[in-house]
Protein chains: 2
Amino acid sequence: MRLESTLTGTANPAPPPHTPTPRPGGRSARVRADVVAATLAEVTEKGYDGLTVEAVAARSGVHKATLYRRWGGVDGLVADALTASADQPWPLPDTGDLQQDLRRITQEVFDVFTDPELGPTPTALISAAQRSDAGAAALHDFFATRHRQVAEVAERAVTRGELPVGTDGAEVVRAATAPLYYRLFVSGEPLDARTAERAADAAALAARAGLFTSVPEAPDHP
Amino acid sequence: MRLESTLTGTANPAPPPHTPTPRPGGRSARVRADVVAATLAEVTEKGYDGLTVEAVAARSGVHKATLYRRWGGVDGLVADALTASADQPWPLPDTGDLQQDLRRITQEVFDVFTDPELGPTPTALISAAQRSDAGAAALHDFFATRHRQVAEVAERAVTRGELPVGTDGAEVVRAATAPLYYRLFVSGEPLDARTAERAADAAALAARAGLFTSVPEAPDHP
DNA sequence: ATCGTAATGCGACATGAGTCGCATTACGAG
DNA sequence: CTCGTAATGCGACTCATGTCGCATTACGAT
């Protein structure tokens, strides 16, 4: 259901009255799984520039027209693959110390994206997602989910009395990881372990100083 | 010359022996200026997805084949437009206080990107640049230049004794602005003035704590 | 087991991106 | 002023992307 919403909510401008989930079981589900797997494999191998609907069709064994109908194009394929990826949980550290936890987290991000084996897939996926509105929406949801999950680290620190009450956990997470993503996807600068450590330390310091106490309202935006 | 290097250095894999600058004056310069202007206008209006070589050709009055020959495609057009944009200087605050200076800087970023008049152009340009290797290279150069320029703010703070000697000014700038760019171009979250302020404060705090001093083992200052 | 219907498979078609060879123009040197 | 050459203009061509209508398959319910 969650998976459907991303697609119907973002892509196709053509098919307007479309019964929500008339036939979710069996073949359709298999087709989707095959397509998602093929999309991930293709985007990893070819990069987001070389990602082609026809290649995904060939690899997945699903016809080209079907892909265009259900996913609307490369955009939707990437968005759906990203949505599917968001379900996989992230390992949460719990060392009893905020700074250590944040260091583990940024270290994990660093490891994943710089690993020659693991890195290319999420890198290509995120780059691809930035290209279209559908992908951007999926990316937004993806990171919103991650922030919510990882914010627990900060919330535990609040419980321990390490951080002031009212601290916005998601904001702490953003502060810690933003410098990494900034280098990876905006400025294009190389990522090193020292940067990951500094970002975590800076976030911990700012959080302890009470810079991330939240305002009552929680804005959201498509 | 600078402008040539970006193009020849990044895009076309085809024309290898190419005399550096055989005929830089007159018409070629005019053509380039027209094309850059047309590219900026197009990418602002249509977004980076709707950016077409033919549209740029039509608007600039330059033939399609010429654009493909000199710029290699949409990638090169975006990269060149970005390179041209990097020349425009950024207003540097000098309040005598690091935190205030950083707040001004993040405020400026916030203002530019959220202004409905000014924002769309750099937003679309940066998004477009992330799509190709040529654009990514141009983006890297663009931000490297910006970091170098704005780092002066931190260096003055070092001179004043406000920051420890050996502080990496560029790193301070990155720390202050990364959360903004992260939201704008990665997580896709809305940007507000409070975020800009917090990012600046957090960077100032971390810088004062000495988190951004470069390692002594590296006598290499880029 | 059988039937109605949605989803998929299929191939032909339209469209725009990108390329190529050649004619023409304009720069820069003598 | 004249000439050689690089840069541009020009149009036709190829080809992949994306679309459309129809045939076929498989799901879900009776």
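Throughout, a chain's letter reflects where its sequence line sits, starting with A, and its residues are numbered from 1.
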Can you sort out the partners of [X] under side-chain hydrogen bond (donor to acceptor under 3.5 Å, both in side chains), two or more places apart, ordered by chain and number?
X       : value
D115(A) : none
S60(B)  : none
S187(B) : E189(B)
T123(A) : none

Practice prompt. Name every residue in residues 56-64 of chain A that has at least one heavy atom under 4.0 Å from any atom of DNA chain C, in order of residue number, or write none if there are no such residues.
Written response: G61(A), V62(A), H63(A)
Worksheet item: Any side-chain N or O of Y68(B) under 4.0 Å from OP1/OP2 of dT19(C)?
Response: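 No, outside the criterion.
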Practice prompt. Please check the phosphate of dA17(C) (OP1 and OP2 only) for any side-chain N or O of T52(B) closer than 4.0 Å.
Written response: yes
Discussion item. Filter on salt bridge (Lys or Arg N to Asp or Glu O under 4.0 Å), then keep only pairs touching residues 51-67 of chain B, sequence neighbours left out; what's left?
Written reply: E42(B)-R59(B), E45(B)-R59(B), E54(B)-K64(B)
Would you kindly give the [atom1]-to-[atom2] distance between [X] and [N], to the nearest whole Å?
X      : N       : atom1 : atom2 : result
L51(A) : dT17(D) : CG    : P     : 10 Å
E54(B) : dG16(C) : CD    : C1'   : 7 Å
L77(A) : dG18(D) : CG    : C1'   : 13 Å
L67(B) : dA17(C) : CG    : P     : 12 Å

Item to complete: Could you list the residues that satisfy ring-ring contact (aromatic ring centres under 6.0 Å, His included) with F143(A), not counting sequence neighbours?
Response: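 Expected list: Y181(A), Y182(B).
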Worksheet item: When you look at CZ of R156(B), are more than 12 heavy atoms from neighbouring residues, nucleotides or ligands closer to it than 6.0 Å?
Response: yes
Practice prompt. Sort out for me which residue in V153(A), T167(A), V150(A) forms a side-chain contact (heavy atoms from CB on, under 4.5 Å) with V172(A).
Written response: T167(A)
Item to complete: Kindly write out the residues that satisfy side-chain contact (heavy atoms from CB on, under 4.5 Å) with L184(B), not counting sequence neighbours, or none if the list is empty.
Response: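 Partners of L184(B) under the side-chain contact (heavy atoms from CB on, under 4.5 Å) test: F113(B), L191(B).
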Worksheet item: For the helix from dA1(C)-dT30(D) to dG30(C)-dC1(D), how many degrees between its two end axes (five pairs per end), to the nearest 10°?
Response: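 Roughly 40° between the end axes, to the nearest 10°.
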Worksheet, complete the sentence: From the candidates dT8(D), dC10(D), dA17(C), the one with an atom nearest any side-chain atom of R70(B) is dT8(D)
Worksheet item: Is a donor-acceptor pair below 3.5 Å formed from side chain R69(B) to base dG9(D), judging by atom type as modelled?
Response: yes
